[in-house]
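Report on one structure; see the data block that follows.
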Amino acid sequence: MKIASWNVNSLKVRLPQLLQWLADAKPDIVALQETKLEDAKFPAAELAAAGYRTVFSGQKTYNGVAILARETLGDFADTVTDIRGLDDPQRRILAASVGGLRIVDLYVVNGKAVGDEKYAYKLHWLERVREFLAGEIERHPRLVVLGDFNIAPDDRDVHDPVAWGEDILCSPSERAALKAITELGLHDSFRLFQPEGGHFSWWDYRQAAFRRNMGLRIDLILLGEALKPAAIGASIDREPRRWERPSDHTPVMLELDT
DNA sequence: ATGGTAGCTGGGCTA
């Protein structure tokens, strides 16, 4: 089973690319972030025609998350869009069970800059999410937590750690908040297979960052302890980032033997 | 310290 996460930065713009990529990569489950679409405008019919069932939690202009699952995996169950302690109109969280797995799709708050009020909110949000995930892993040992974390876990995940220093996406408090989540027993699946640095999932649109490989690895697929032995490969598919009018993120993937 | 680009929107926010 192939599981993927992709911040599409507007599903309206990227739908043709998503459909092409689904045909090319043939993932079984896909978590999307930054759909930027109200639920009434979600392209469920187009994705159904491509063979995928969908659940989604969207809003206009900003944020928005969705999960796609190959129709042969059956229906979604126990869908969650809001968690305890977060009274948040921003649509950044979507959990659902499908195909014998518990999937939690996250679009983590960016935070803007260290010290900004959005940064404080990012840390608060991550703590509430950690509490939510502690419950999820109890109820659903076969847990996959994936999405745009807006945190580079360590310096291997940063093209120029000196230049980035302790700036947003790399600061010690953000990394500690992510570590508190992984210490629940959630493993960064990419690192089960690739110990080297220099592998990124996001490149800023500016400064020709992709061409110069000035990227960060901030899109992650975390695996619960029970699923760790099932992991048989992890990768980052840079191809869609090369396409015309791309998202600034590219899909990250995990293969599970289930 | 700023600005560079993209998306949504119709000026400014978010990233």
Side-chain angles (χ1 to χ4, degrees), chain A residues 5-21 31-43 46 56-66 86-94 105-126 129 146-153 157-171 173-175 177-178 200-220 236-252:
Chain A
S5 176
W6 192 7
N7 178 325
V8 291
N9 186 20
S10 168
L11 185 52
K12 180 179 178 180
V13 171
R14 233 65 69 188
L15 179 60
Q17 296 189 20
L18 175 61
L19 292 170
Q20 181 64 57
W21 185 75
L32 302 178
Q33 305 85 36
E34 283 204 86
T35 56
K36 301 186 177 179
L37 284 177
E38 295 171 283
D39 290 349
K41 297 187 175 177
F42 191 86
E46 290 88 338
F56 36 89
S57 179
Q59 66 180 93
K60 199 164 86 170
T61 311
Y62 303 118
N63 310 307
V65 283
L86 265 190
D87 184 15
D88 193 351
Q90 300 189 24
R91 302 292 82 193
R92 299 177 174 277
I93 297 170
L94 180 60
D105 181 10
L106 299 177
Y107 174 43
V108 175
V109 175
N110 174 286
K112 186 169 175 158
V114 174
D116 191 277
E117 63 182 22
K118 292 191 176 71
Y119 180 76
Y121 189 67
K122 180 179 197 173
L123 297 178
H124 172 80
W125 190 95
L126 284 163
V129 167
L146 74 176
D148 176 358
F149 281 73
N150 269 318
I151 301 170
D157 305 308
V158 181
H159 71 92
D160 186 343
V162 174
W164 278 81
E166 298 188 348
D167 285 353
I168 194 71
L169 313 184
C170 301
S171 73
S173 294
E174 291 167 84
R175 286 176 168 172
L178 175 59
F200 310 126
S201 65
W202 168 82
W203 301 261
D204 200 292
Y205 284 121
R206 296 164 287 194
Q207 302 175 308
F210 180 63
R211 182 177 58 71
R212 301 159 71 190
N213 200 27
M214 295 167 56
L216 300 182
R217 191 176 68 91
I218 56 178
D219 299 273
L220 310 177
I236 301 175
D237 184 358
R238 295 158 61 98
E239 187 58 27
R241 190 62 177 80
R242 300 189 185 98
W243 293 346
E244 202 72 33
R245 204 181 181 191
S247 169
D248 47 348
H249 297 250
T250 211
V252 298

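Each chain gets a letter, A, B and so on, in the order the sequences are listed, and its residues count up from 1.
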The test is side chain to side chain contact (heavy atoms under 4.5 Å, CB included); show your working for A:Trp202 and A:Asn7 and say whether it passes. CA-CA 9 Å; A:Trp202 168 82; A:Asn7 178 325; over 6 Å; no

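- Across all strands shown, A:Lys112 has no heavy atoms under 4.0 Å from either base or sugar-phosphate atoms.
- Contact annotation: A:Ser10 side-chain N/O to B:dC8 OP1/OP2 distance is under 4.0 Å.
- The residue among A:Gly111 and A:Lys60 whose nearest nucleotide of DNA chain B lies closer to the 5′ end is A:Lys60.
- The stretch residues 118-126 of chain A touches DNA chain B through A:Lys118, each having a heavy atom within less than 4.0 Å of the strand.
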Enumerate the protein-to-nucleotides 1-4 of chain B contacts in which both atoms are nitrogen or oxygen and the separation is below 3.5 Å.
| from | atom 1 | to | atom 2 | distance (Å) |
| --- | --- | --- | --- | --- |
| B:dG3 | N2 | A:Gln207 | NE2 | 3.4 |
| B:dG4 | O6 | A:Arg206 | NH1 | 3.0 |
| B:dG4 | N1 | A:Arg206 | NH1 | 3.2 |

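- For the pair A:Asn110 CG and B:dA6 P, the interatomic distance rounds to 18 Å; values are reported in whole Å.
- Contact annotation for A:Arg92: backbone-only contact, meaning every heavy-atom pair under 4.0 Å involves sugar-phosphate atoms and none involves a base.
- Residues from residues 240-250 of chain A with heavy atoms under 4.0 angstrom of DNA chain B, sorted by number: A:Arg245.
- A:Glu239 is linked by a salt bridge (charged side-chain N to carboxylate O under 4.0 Å, His left out) to A:Arg242, counting only residues two or more places apart in sequence or in another chain.
- Partners of A:Pro161 according to the side chain to side chain contact (heavy atoms under 4.5 Å, CB included) rule, which considers only residues two or more places apart in sequence or in another chain, are A:Asp155, A:Val158.
- By the side chain to side chain contact (heavy atoms under 4.5 Å, CB included) test, A:Pro246 pairs with A:Arg241, sequence neighbours left out.
- For A:Lys36, the side chain to side chain contact (heavy atoms under 4.5 Å, CB included) partners two or more places apart in sequence, or in a different chain, are A:Asn9, A:Ser10, A:Glu34.
- Straight-line distance between the C1' atoms of B:dA1 and B:dG10: roughly 30 Å, to the nearest whole Å.
- Within the 4.0 angstrom heavy-atom criterion, only backbone atoms of the sugar-phosphate kind lie near A:Tyr107; the bases stay farther away.
- Applying the salt bridge (Lys or Arg N to Asp or Glu O under 4.0 Å) test to pairs two or more places apart or on separate chains, those with a residue in residues 205-215 of chain A are A:Asp204-A:Arg206.
- Here the nucleotide nearest the side chain of A:Tyr62, chosen from B:dC8, B:dA15, B:dC13, is B:dC13.
- A:Phe56 pairs by the ring pair (Phe, Tyr, Trp, His ring centres under 6.0 Å) definition with A:Phe42, not counting sequence neighbours.
- Rounding to whole angstrom units, CD of residue A:Gln33 and P of B:dG7 are separated by 17 Å.
- Separation of the A:Trp6 and A:Trp21 ring centroids falls under the 6.0 Å cut-off.
- Here B:dA15 presents its P atom at 16 Å from CG of A:Asp167, a figure rounded to the nearest Å.
- Partners of A:Asp157 by salt bridge (charged side-chain N to carboxylate O under 4.0 Å, His left out), not counting sequence neighbours, listed by chain and number: A:Arg191, A:Arg217.
- The ring pair (Phe, Tyr, Trp, His ring centres under 6.0 Å) test applied to A:Tyr119 returns no partner, not counting sequence neighbours.
- In this structure, A:Tyr62 has no ring pair (Phe, Tyr, Trp, His ring centres under 6.0 Å) partners at least two apart in sequence or on a different chain.
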